[in-house]
Amino acid sequence: MKENNKLWGGRFSSSSAKLLEEFNTSLPFDKRLYKQDIKCSKAHAKMLEKCEIINTKEKDLIINGLETIESLIDSGEFKFCISDEDIHMAVEKKLIELIGDSGKKLHTARSRNDQVAVDFRLFVLEQNKYIRSLLINLIETLINISQSHTDTIMPGMTHLQHAQPVNFAFILCAYVNMFMRDIHRLEDSYKQNNYCPLGSAALAGTPYNTDRFYTARELGFASPTLNAMDSVSDRDFALDFLYSLSVIVMHISRFAEELVLWSSSEFAFITLSDSYSTGSSIMPQKKNPDIPELLRGKSGRVYGNLISLLTTLKGLPLAYNKDTQEDKECVFDSLDTIDISLRILNDMLKEITINKQNMENACKMGHLTATDLADFLVQAVKIPFREAHHIVGKVVAYAESCNKDLSELTEDELCKVDSKIPQEAHKVLDIYTSMNSRNSYGGTSTASTQAQIQSIIAWLEIHKIGL
Ligand code: ARG
């Protein structure tokens, strides 16, 4: 009878079909989990010894063997072979090759089902922290820029139309708030998923007298998971991560869109540095914002990965099913996309030029202080708001008739429009007065923006801890 030389080959009478090996293998991508696989195997071996399932000599051989394998993979000397199916089998096979019979004991009281669950979960939790550290770096860059722009005035928009004057730092802090929430979201999902599935075995636990609390502690988890069957099929931790990454890419995409707009010649609020811009192959004069455009465009694939895993998991019966092997590539892809996106956004921002004068000039278009004039008439002259709104409408029409912005009208011109407008009203037409009047908590005044920056700096100190 022809033998099957796989680790699981005992009951098979022929070797695997070539195409099956190609289709079935996860090794080309899950080799990325080798560090987690080896770390979890070491913790498992220590537990087996502690529980007197293997002896100290065997444990030492296993640990040394695993360390040798880790350095072979680190240095690129390890020969991966897709017939080994996945990283778990590749490592175990090599271990047996290196240390013989003791290596055959490592798989006692565990299965690949809990092994892949713990390796992947550990990987996702580690990357959760890494992405948080990149978000912290980005926030620090945005805060650095903000500190010198709390009185850099520019038009705040609604419907992409000029609305009210704000300062540039205030807008950057709006994005900082999004990235802060992204960190909170990751922190929450870290806590939610910080439980160890190792020791659940195939689906129903194990008859060996193991200590799952020991392995959980050893690997840095809060405690073991509660139900073996759930543990081997649960991929919520991957979904949570993919969702968090999707929200991050959405925030990046919104910010990138602003950068595209602001760097266009219509706005010219910022200039992207040459090292983060590209040229056109036909139009020699062009300088294109490819980087912000790509950052904006990356959202499609990151959302797609979330939908892909949700769809894979839908309808799976308990417990482990091979469909679950499809969980890794989508996470790797979203992770790598967000990794480089956050780093390039951060680097690019450090090199942008902020065109203060253009921003201020843009405030002299669109009658940004119209609301201020209406509010003044309500508060100082006691005119009902609806009537004040009407009077200001007439002032705007007058300004337009002489091709001026509201903020450029003289005192005489202003008072001439309606006898109810007092001379003191003129001061509220000033764009800086307008911005600084919005001094409510969270408002755009320079003082309020500075206070927001101080809160963010204090927040950063707390959320950097442990990264
Ligand atoms: N390569 C598999 C995966 O990624 C590992 C678990 C395989 N378990 C099994 N019973 N076939 O999901």
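Indexing begins at 1, ligand by ligand and atom by atom, following the structure's order.
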Exercise. Do any heavy atoms of Lys328 fall under 4.0 Å from ligand 1?
Worked result: yes

Exercise. What orientation do Tyr175 and Phe179 show, parallel under 30°, tilted 30 to 60°, or perpendicular over 60°?
Worked result: tilted

Exercise. Does any N/O atom on Ser26 come nearer than 3.5 Å to any N/O atom on ligand 1?
Worked result: yes

Seminar exercise, completed: For Thr324 and Tyr320 the tightest heavy-atom approach is CB-CE1, 3.9 Å

For this session: Quick one: look up the protein heavy atom nearest atom 11 (N) of ligand 1 and list residue, atom name and how far away it is.
Result: Arg112 NH2, 3.6 Å

Exercise. So between Asp86, Val232, Asn113, whose heavy atom ends up nearest atom 10 (N) of ligand 1?
Worked result: Asn113

Exercise. What is the nearest protein non-hydrogen atom to atom 6 (C) of ligand 1, stated with its residue, atom name and distance?
Worked result: Tyr320 OH, 3.4 Å

For this session: Please determine, by modelled atom types, if Asn355 and Thr271 share a side-chain donor-acceptor pair under 3.5 angstrom.
Result: yes

For this session: Indicate the ring-plane relationship of Phe120 and Phe332, choosing parallel, tilted or perpendicular according to the 30° and 60° boundaries.
Result: perpendicular

For this session: Would you name the heavy atoms of Gln452 and Gly443 that are closest together and state the gap between them?
Result: NE2-O, 2.9 Å

Exercise. Looking only at distance, does Gln325 have an N or O less than 3.5 Å from an N or O of ligand 1?
Worked result: yes

